[in-house]
S.K.: 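The structure that follows is given in the form of structure tokens.
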Amino acid sequence: MCTSFLGELLSATHNFSSANPAQTASTANTFKAALFLASATINASTTAYSSVNEVSGTGYTAGGVTVTGATNPASTNSSTTAGVGYWTPSASITYTTVTLTTAFDCVLIYNSTQSNKAVSAHTFGSQTVTAGTFTLTMPANTTSTALLRLATT
């Protein structure tokens with residue numbers, strides 16, 4: 001997770017849920033996923049999306065793709081284990097019919113509704129794609145595998 005995201009959670013900057021009981025007319029924010037070149041420095045200190053060092057190629061739109069967030073965040077709590085808040089996109093992140101010939105190895109999840117504030121950076125092995133589909137398969141939405149997890153100690 002990006003360090004700035006942790007503080008922004010406490011100020012209610014990010015809304016992952018359209019079913020927020022604290023708000024009468026809640027609308028989830030729009031989150032996007034942008035791919036970055038292997039030479040880019042995208043990590044926990046990234047505070048916002050920028051197109052600098054983002055991939056480019058046939059079929060890829062700057063800013064990436066919209067993340068499907070139909071799964072509302074969840075949490076658990078018990079007297080014997082730490083509480084965990086967690087969220088995973090409800091569908092894989094897919095870039096269809098793209099040609100990305102310069103090596104890339106990172107995806108930045110960011111909140112396009114809130115001034116492109118960074119949420120999390122995820123690295124993987126260096127990739128290229130020629131006239132194909134690149135898919136990032138999302139983990140199960142559980143306390144131990146969700147894409148975003150916050151735990152109490």
S.K.: How far does OG1 of Thr113 sit from NZ of Lys32, to the nearest 0.5 angstrom?
M.R.: 10.0 Å
S.K.: Please answer whether the main-chain N or O of Gly63 pairs with a side-chain N or O of Tyr110 as donor and acceptor at a distance below 3.5 Å.
M.R.: yes
S.K.: Could you please spell out the steps behind the side chain to side chain contact (heavy atoms under 4.5 Å, CB included) verdict for Thr94 and Val65?
M.R.: CA-CA 8 Å; Thr94 305; Val65 296; over 6 Å; no
S.K.: So which heavy atom on Phe16 is nearest to which on Pro73, and how close?
M.R.: CB-CG, 3.5 Å
S.K.: Evaluate the side-chain proximity of Phe36 to Tyr49: yes if any heavy-atom separation is below 4.5 Å, no if none is.
M.R.: yes
S.K.: Look only at the side chain of Thr96 and the backbone of Thr133, and say whether a donor-acceptor pair between them is shorter than 3.5 Å.
M.R.: no
S.K.: Distance from Thr128 atom OG1 to Leu100 atom CG, nearest 0.5 Å?
M.R.: 8.5 Å
S.K.: Taking Asn29 for its side chain and Asn15 for its backbone only, find out whether a donor-acceptor pair lies under 3.5 Å.
M.R.: yes
S.K.: Check whether Ser90 reaches the backbone of Thr68 with its side chain - one donor and one acceptor, N or O, closer than 3.5 Å.
M.R.: yes
S.K.: Members other than Tyr86 in its cluster, when Ile, Leu, Val, Met, Phe, Trp, Tyr link by side-chain heavy atoms under 4.5 Å?
M.R.: Val84
S.K.: Are Val55 and Leu37 side-chain neighbours, meaning at least one heavy-atom pair lies under 4.5 Å?
M.R.: yes
S.K.: Which heavy-atom pair separates Ala146 from Pro139 by the least distance, and what is that distance?
M.R.: C-CG, 4.1 Å
S.K.: State whether the side chain of Thr142 and the backbone N or O of Thr145 hold a donor-acceptor pair below 3.5 Å, judged by distance alone.
M.R.: yes
S.K.: Please examine the side chains of Leu150 and Met1, heavy atoms only from C-beta on, and report whether any two atoms are closer than 4.5 Å.
M.R.: yes
S.K.: Are Leu108 and Phe5 joined in one hydrophobic group, where the rule is that I, L, V, M, F, W and Y side chains link up if heavy atoms are under 4.5 Å apart?
M.R.: no
S.K.: Evaluate the criterion side chain to side chain contact (heavy atoms under 4.5 Å, CB included) for residue pair Ser112 and Thr66; output intermediate values, then yes/no.
M.R.: CA-CA 9 Å; Ser112 65; Thr66 300; over 6 Å; no
S.K.: At their closest point, which heavy atom of Trp87 faces which heavy atom of Asn72, and how far apart are they?
M.R.: CD1-C, 4.1 Å
S.K.: Under a 3.5 Å cutoff, is there a donor and acceptor pairing between the side chains of Ser11 and Thr13?
M.R.: yes
S.K.: Decide yes or no for Met138 and Leu136: does some side-chain heavy atom of the first lie under 4.5 Å from some side-chain heavy atom of the second?
M.R.: yes
S.K.: Show me, pair by pair, the donor-acceptor contacts under 3.5 angstrom made by side chains of residues 39-48, not counting sequence neighbours?
M.R.:
| from | atom 1 | to | atom 2 | distance (Å) |
| --- | --- | --- | --- | --- |
| Asn43 | OD1 | Ser45 | N | 2.9 |
| Asn43 | OD1 | Ser45 | OG | 2.6 |
| Thr46 | OG1 | Asn43 | N | 3.0 |
| Thr46 | OG1 | Asn43 | O | 3.1 |

S.K.: Nearest 0.5 Å, please: how far is CG in Leu35 from OG1 in Thr102?
M.R.: 12.5 Å
S.K.: Could you give the distance from OG (Ser120) to CG (Leu147), rounded to the nearest 0.5 Å?
M.R.: 5.0 Å
S.K.: Can you measure from CD (Glu8) to SG (Cys2) and round to the nearest 0.5 angstrom?
M.R.: 9.0 Å
S.K.: Roughly how far, to the nearest 0.5 Å, is the CG atom of Leu9 from the NE2 atom of His14?
M.R.: 6.0 Å
S.K.: Do any pairs count as a ring-ring contact (aromatic ring centres under 6.0 Å, His included) and have a residue in residues 128-151, sequence neighbours left out, and if so which ones?
M.R.: Phe104-Phe134, Phe124-Phe134
S.K.: Can you name the closest pair of heavy atoms from Ala103 and Ser126 and give their distance?
M.R.: CB-OG, 3.2 Å
S.K.: Using only atom types and a distance under 3.5 Å, with no angle test, would you say the side chain of Asp105 pairs donor to acceptor with the backbone of Thr123?
M.R.: no
